[in-house]
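These notes are about the structure you will find just below.
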2 protein chains.
Amino acid sequence: MNDSPADDEAAARLSALGHPTRLRVFRTLITAGPDGMPAGELAARVGVAKNNLSSHLNVLRQGGLIVMRPSGRSRIYAVDLDTIAATIGYLVSDCCQGHPEVCEALSPGMERAC
Amino acid sequence: MNDSPADDEAAARLSALGHPTRLRVFRTLITAGPDGMPAGELAARVGVAKNNLSSHLNVLRQGGLIVMRPSGRSRIYAVDLDTIAATIGYLVSDCCQGHPEVCEALSPGMERAC
DNA sequence: CATTCATTTCAACAGTCATTGAACAATTGA
DNA sequence: TCAATTGTTCAATGACTGTTGAAATGAATG
(Lines give C-alpha, C1' and ligand atoms only; values in the text may rest on other atoms or scores of the structure.)
Protein backbone atom coordinates (compact mmCIF):
# COMPACT_ATOMS: atom_id res chain seq x y z
CA MET A 1 0.00 0.00 0.00
CA ASN A 2 1.36 3.39 -0.98
CA ASP A 3 1.09 6.71 0.77
CA SER A 4 -1.75 8.88 -0.44
CA PRO A 5 -0.97 12.47 -1.36
CA ALA A 6 -3.24 13.62 1.46
CA ASP A 7 -1.15 11.65 3.92
CA ASP A 8 2.04 13.16 2.61
CA GLU A 9 0.63 16.65 2.77
CA ALA A 10 -0.70 16.32 6.30
CA ALA A 11 2.50 14.64 7.42
CA ALA A 12 4.55 17.48 5.97
CA ARG A 13 2.49 19.98 7.95
CA LEU A 14 2.75 18.05 11.17
CA SER A 15 6.44 17.56 10.60
CA ALA A 16 6.83 21.31 10.07
CA LEU A 17 5.20 21.88 13.47
CA GLY A 18 7.22 19.05 15.00
CA HIS A 19 10.26 21.15 15.79
CA PRO A 20 10.58 23.10 19.04
CA THR A 21 11.60 26.36 17.40
CA ARG A 22 8.98 26.16 14.69
CA LEU A 23 6.29 25.23 17.17
CA ARG A 24 7.13 28.29 19.23
CA VAL A 25 7.12 30.45 16.14
CA PHE A 26 3.72 29.10 15.21
CA ARG A 27 2.27 29.57 18.67
CA THR A 28 3.68 33.06 18.86
CA LEU A 29 2.00 33.87 15.56
CA ILE A 30 -1.26 32.34 16.81
CA THR A 31 -1.27 34.79 19.69
CA ALA A 32 -0.52 37.61 17.28
CA GLY A 33 -3.68 36.79 15.36
CA PRO A 34 -4.42 37.74 11.78
CA ASP A 35 -2.32 40.91 11.99
CA GLY A 36 0.81 38.79 12.22
CA MET A 37 4.26 39.99 13.17
CA PRO A 38 7.43 41.08 11.35
CA ALA A 39 10.28 38.60 11.12
CA GLY A 40 12.60 40.65 13.28
CA GLU A 41 10.21 40.86 16.22
CA LEU A 42 9.52 37.16 15.85
CA ALA A 43 13.24 36.39 15.98
CA ALA A 44 13.60 38.47 19.15
CA ARG A 45 10.60 36.88 20.86
CA VAL A 46 11.52 33.34 20.01
CA GLY A 47 15.20 33.96 20.67
CA VAL A 48 16.73 32.59 17.52
CA ALA A 49 19.14 33.97 14.92
CA LYS A 50 17.54 35.75 12.01
CA ASN A 51 18.96 33.51 9.34
CA ASN A 52 17.93 30.44 11.26
CA LEU A 53 14.43 31.82 11.73
CA SER A 54 14.24 32.60 8.06
CA SER A 55 14.75 28.97 7.09
CA HIS A 56 12.20 27.81 9.67
CA LEU A 57 9.69 30.32 8.33
CA ASN A 58 10.27 28.88 4.88
CA VAL A 59 9.42 25.40 6.12
CA LEU A 60 6.21 26.63 7.73
CA ARG A 61 5.35 28.58 4.63
CA GLN A 62 5.92 25.67 2.29
CA GLY A 63 3.61 23.64 4.48
CA GLY A 64 0.98 26.32 4.02
CA LEU A 65 0.82 26.94 7.76
CA ILE A 66 1.75 30.60 7.57
CA VAL A 67 1.50 33.39 5.02
CA MET A 68 3.75 36.37 4.38
CA ARG A 69 3.11 39.88 3.18
CA PRO A 70 5.75 42.55 2.64
CA SER A 71 5.37 45.83 4.45
CA GLY A 72 8.01 48.44 3.79
CA ARG A 73 11.32 46.82 4.51
CA SER A 74 9.71 44.33 6.87
CA ARG A 75 7.95 41.10 6.10
CA ILE A 76 4.89 40.30 8.12
CA TYR A 77 4.14 36.67 8.90
CA ALA A 78 0.76 35.35 10.05
CA VAL A 79 -0.86 31.95 10.57
CA ASP A 80 -3.14 30.45 7.93
CA LEU A 81 -6.09 29.27 9.99
CA ASP A 82 -7.71 27.22 7.26
CA THR A 83 -4.64 25.05 6.93
CA ILE A 84 -4.30 24.29 10.60
CA ALA A 85 -8.01 23.55 10.90
CA ALA A 86 -7.82 21.16 7.97
CA THR A 87 -4.75 19.47 9.40
CA ILE A 88 -6.34 18.89 12.77
CA GLY A 89 -9.46 17.63 11.05
CA TYR A 90 -7.45 15.18 8.97
CA LEU A 91 -5.62 13.94 12.02
CA VAL A 92 -8.78 12.75 13.71
CA SER A 93 -11.01 12.19 10.69
CA ASP A 94 -12.91 8.92 10.37
CA CYS A 95 -12.71 8.37 14.09
CA CYS A 96 -16.44 8.75 14.54
CA GLN A 97 -17.51 6.38 11.80
CA GLY A 98 -17.22 3.42 14.11
CA HIS A 99 -16.13 4.90 17.39
CA PRO A 100 -17.92 8.09 18.44
CA GLU A 101 -16.35 7.84 21.87
CA VAL A 102 -13.03 8.79 20.28
CA CYS A 103 -14.23 12.22 19.20
CA GLU A 104 -16.03 12.75 22.47
CA ALA A 105 -12.72 12.22 24.22
CA LEU A 106 -11.15 14.92 22.07
CA SER A 107 -13.63 17.66 22.92
CA PRO A 108 -12.22 18.52 26.37
CA GLY A 109 -8.85 19.26 24.78
CA MET A 110 -10.41 21.70 22.39
CA GLU A 111 -12.48 23.34 25.07
CA ARG A 112 -9.51 23.73 27.29
CA ALA A 113 -7.82 25.62 24.46
CA CYS A 114 -10.68 27.89 23.48
CA MET B 1 15.02 32.48 25.15
CA ASN B 2 15.17 28.74 25.65
CA ASP B 3 12.71 26.07 24.70
CA SER B 4 10.29 25.13 27.43
CA PRO B 5 9.89 21.43 28.25
CA ALA B 6 6.25 21.68 27.17
CA ASP B 7 7.35 22.88 23.77
CA ASP B 8 9.79 20.04 23.41
CA GLU B 9 7.19 17.50 24.43
CA ALA B 10 4.53 18.78 22.08
CA ALA B 11 7.05 19.12 19.27
CA ALA B 12 8.15 15.52 19.79
CA ARG B 13 4.56 14.36 19.48
CA LEU B 14 3.88 16.39 16.37
CA SER B 15 7.15 15.23 14.90
CA ALA B 16 6.17 11.64 15.60
CA LEU B 17 2.98 12.20 13.61
CA GLY B 18 4.88 14.09 10.93
CA HIS B 19 5.87 11.03 8.96
CA PRO B 20 3.63 9.51 6.28
CA THR B 21 3.91 5.96 7.56
CA ARG B 22 3.41 6.90 11.20
CA LEU B 23 0.51 9.17 10.34
CA ARG B 24 -1.18 6.28 8.54
CA VAL B 25 -0.47 3.98 11.45
CA PHE B 26 -2.00 6.50 13.81
CA ARG B 27 -5.05 7.08 11.69
CA THR B 28 -5.55 3.38 11.24
CA LEU B 29 -5.44 2.96 14.99
CA ILE B 30 -7.90 5.83 15.42
CA THR B 31 -10.43 3.97 13.30
CA ALA B 32 -9.76 0.83 15.31
CA GLY B 33 -10.83 2.68 18.44
CA PRO B 34 -9.95 1.72 21.99
CA ASP B 35 -9.76 -1.99 21.13
CA GLY B 36 -6.65 -1.37 19.09
CA MET B 37 -5.04 -3.76 16.65
CA PRO B 38 -2.18 -6.29 16.71
CA ALA B 39 1.12 -5.27 15.15
CA GLY B 40 0.89 -7.85 12.39
CA GLU B 41 -2.49 -6.70 11.13
CA LEU B 42 -1.30 -3.12 11.34
CA ALA B 43 1.74 -3.95 9.21
CA ALA B 44 -0.47 -5.61 6.61
CA ARG B 45 -2.96 -2.74 6.49
CA VAL B 46 -0.37 -0.02 6.28
CA GLY B 47 1.79 -2.04 3.92
CA VAL B 48 5.13 -1.77 5.63
CA ALA B 49 7.73 -4.31 6.77
CA LYS B 50 7.22 -5.59 10.28
CA ASN B 51 10.61 -4.52 11.58
CA ASN B 52 10.12 -1.10 10.06
CA LEU B 53 6.69 -0.81 11.61
CA SER B 54 8.12 -1.84 14.93
CA SER B 55 10.50 1.10 15.01
CA HIS B 56 7.74 3.50 14.00
CA LEU B 57 5.52 2.13 16.74
CA ASN B 58 8.32 2.80 19.18
CA VAL B 59 8.47 6.44 18.11
CA LEU B 60 4.73 6.83 18.55
CA ARG B 61 4.85 5.08 21.89
CA GLN B 62 7.71 7.20 23.21
CA GLY B 63 5.68 10.25 22.27
CA GLY B 64 2.83 8.84 24.33
CA LEU B 65 0.52 8.80 21.34
CA ILE B 66 -0.19 5.09 21.50
CA VAL B 67 -0.20 2.38 24.15
CA MET B 68 0.56 -1.32 23.93
CA ARG B 69 -0.79 -4.34 25.75
CA PRO B 70 0.35 -7.93 25.20
CA SER B 71 -2.28 -10.47 24.26
CA GLY B 72 -1.17 -14.03 23.76
CA ARG B 73 1.75 -13.87 21.42
CA SER B 74 0.49 -10.71 19.79
CA ARG B 75 0.87 -7.12 20.92
CA ILE B 76 -2.12 -4.88 20.65
CA TYR B 77 -1.58 -1.21 19.93
CA ALA B 78 -4.17 1.49 20.50
CA VAL B 79 -4.27 5.29 20.46
CA ASP B 80 -3.98 7.29 23.67
CA LEU B 81 -6.78 9.79 23.31
CA ASP B 82 -5.75 12.00 26.19
CA THR B 83 -2.38 12.65 24.63
CA ILE B 84 -3.71 13.62 21.24
CA ALA B 85 -6.35 15.83 22.81
CA ALA B 86 -3.71 17.57 24.90
CA THR B 87 -1.42 17.99 21.89
CA ILE B 88 -4.14 19.57 19.77
CA GLY B 89 -5.05 21.79 22.68
CA TYR B 90 -1.47 22.92 23.12
CA LEU B 91 -1.13 23.64 19.44
CA VAL B 92 -3.90 26.24 19.48
CA SER B 93 -3.80 27.29 23.11
CA ASP B 94 -3.75 30.99 23.96
CA CYS B 95 -5.26 31.84 20.63
CA CYS B 96 -8.47 33.14 22.20
CA GLN B 97 -6.88 35.40 24.78
CA GLY B 98 -6.63 38.22 22.32
CA HIS B 99 -8.11 36.84 19.18
CA PRO B 100 -11.33 34.86 19.59
CA GLU B 101 -11.80 34.83 15.82
CA VAL B 102 -8.88 32.42 15.60
CA CYS B 103 -10.65 29.69 17.54
CA GLU B 104 -13.89 30.36 15.74
CA ALA B 105 -12.07 29.70 12.50
CA LEU B 106 -10.90 26.34 13.84
CA SER B 107 -14.33 24.98 14.69
CA PRO B 108 -15.38 24.04 11.15
CA GLY B 109 -12.33 21.79 10.85
CA MET B 110 -13.30 19.93 13.98
CA GLU B 111 -16.92 19.61 12.96
CA ARG B 112 -15.95 18.26 9.58
CA ALA B 113 -14.02 15.52 11.38
CA CYS B 114 -16.65 14.57 13.94
C1' DC C 1 11.24 -29.87 25.04
C1' DA C 2 11.58 -28.61 20.32
C1' DT C 3 9.09 -25.91 17.02
C1' DT C 4 6.49 -22.37 15.25
C1' DC C 5 4.65 -17.86 15.28
C1' DA C 6 4.69 -12.77 16.22
C1' DT C 7 7.42 -9.27 16.92
C1' DT C 8 11.52 -6.79 18.28
C1' DT C 9 16.49 -5.62 18.28
C1' DC C 10 20.80 -4.79 16.06
C1' DA C 11 24.21 -2.92 12.78
C1' DA C 12 24.97 -0.41 8.73
C1' DC C 13 24.09 2.63 5.11
C1' DA C 14 22.22 6.59 2.61
C1' DG C 15 19.71 10.52 2.99
C1' DT C 16 17.87 14.51 5.28
C1' DC C 17 17.88 18.32 8.70
C1' DA C 18 19.38 22.18 11.85
C1' DT C 19 22.67 25.45 12.77
C1' DT C 20 26.31 28.76 11.86
C1' DG C 21 28.91 32.54 9.67
C1' DA C 22 29.51 35.18 5.61
C1' DA C 23 27.75 37.23 1.69
C1' DC C 24 23.89 39.10 -0.78
C1' DA C 25 19.41 41.84 -1.96
C1' DA C 26 15.86 45.35 -1.03
C1' DT C 27 14.02 49.30 1.18
C1' DT C 28 14.30 53.64 3.66
C1' DG C 29 16.01 58.13 5.14
C1' DA C 30 19.86 61.58 5.41
C1' DT D 1 23.91 58.57 -3.68
C1' DC D 2 25.45 56.69 0.87
C1' DA D 3 24.70 54.30 4.72
C1' DA D 4 21.75 51.89 7.85
C1' DT D 5 18.12 48.63 8.47
C1' DT D 6 15.62 44.30 7.52
C1' DG D 7 15.73 39.74 5.84
C1' DT D 8 17.18 36.17 2.85
C1' DT D 9 20.42 32.96 0.53
C1' DC D 10 24.47 30.09 0.36
C1' DA D 11 27.91 26.60 1.70
C1' DA D 12 29.75 23.72 5.18
C1' DT D 13 29.43 20.97 9.15
C1' DG D 14 27.72 17.68 12.48
C1' DA D 15 23.76 15.27 14.00
C1' DC D 16 19.79 12.79 13.32
C1' DT D 17 16.37 9.61 10.72
C1' DG D 18 14.42 5.89 7.87
C1' DT D 19 15.09 1.62 5.83
C1' DT D 20 16.90 -2.96 5.23
C1' DG D 21 18.32 -7.83 6.26
C1' DA D 22 19.82 -10.88 9.70
C1' DA D 23 19.68 -12.42 14.21
C1' DA D 24 17.31 -12.77 18.60
C1' DT D 25 13.48 -12.76 21.94
C1' DG D 26 9.47 -14.61 24.05
C1' DA D 27 5.05 -16.87 24.12
C1' DA D 28 2.18 -20.66 22.63
C1' DT D 29 1.62 -25.32 20.57
C1' DG D 30 2.29 -30.20 19.79
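Convention: sequence-line order gives letters A, B, ...; per-chain numbering from 1.
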Using residues 68-76 of chain A as the side-chain source, report each donor-acceptor pair under 3.5 Å to any protein atom, sequence neighbours left out, with the distance given to one decimal.
unit_1 : atom_1 : unit_2 : atom_2 : d
A:R69  : NH2    : A:D35  : O      : 3.1

Taking for A:R75 and for A:H19 the nucleotide of DNA chain C with the nearest heavy atom, the one nearer the 5' end belongs to A:H19

Residue set satisfying side-chain contact (heavy atoms from CB on, under 4.5 Å) with B:V59, at least two apart, ordered chain then number -> B:A16, B:R22

Within residues 32-43 of chain A, those residues having any heavy atom closer than 4.0 Å to DNA chain D are A:P38, A:A39, A:G40

For residues 23-53 of chain A, the ring pair (Phe, Tyr, Trp, His ring centres under 6.0 Å) pairs (sequence neighbours left out) are none

Residues passing the side-chain contact (heavy atoms from CB on, under 4.5 Å) test with B:Q62, sequence neighbours excluded, are none

Within residues 56-72 of chain B, those residues having any heavy atom closer than 4.0 Å to DNA chain D are B:H56, B:G72

Chain A reaches DNA chain D, atoms under 4.0 Å from its heavy atoms, from D:dA4 to D:dT9

* Side chain of A:R61, backbone of A:I66: donor and acceptor closer than 3.5 Å? -> no

Sorted by chain and residue number, the side-chain contact (heavy atoms from CB on, under 4.5 Å) partners of A:A43 (sequence neighbours excluded) come out as A:K50, A:L53

Chain A reaches DNA chain C, atoms under 4.0 Å from its heavy atoms, from C:dA18 to C:dT28

Computed from five pairs at either end and rounded to 10 degrees, the angle between the axes of the helix from C:dC1-D:dG30 to C:dA30-D:dT1 is 20°

Residues passing the side-chain contact (heavy atoms from CB on, under 4.5 Å) test with B:N52, sequence neighbours excluded, are B:V48, B:A49, B:S55, B:H56

Comparing nearest nucleotides in DNA chain D, the 5'-proximal residue of the pair A:R73, A:S54 is A:R73

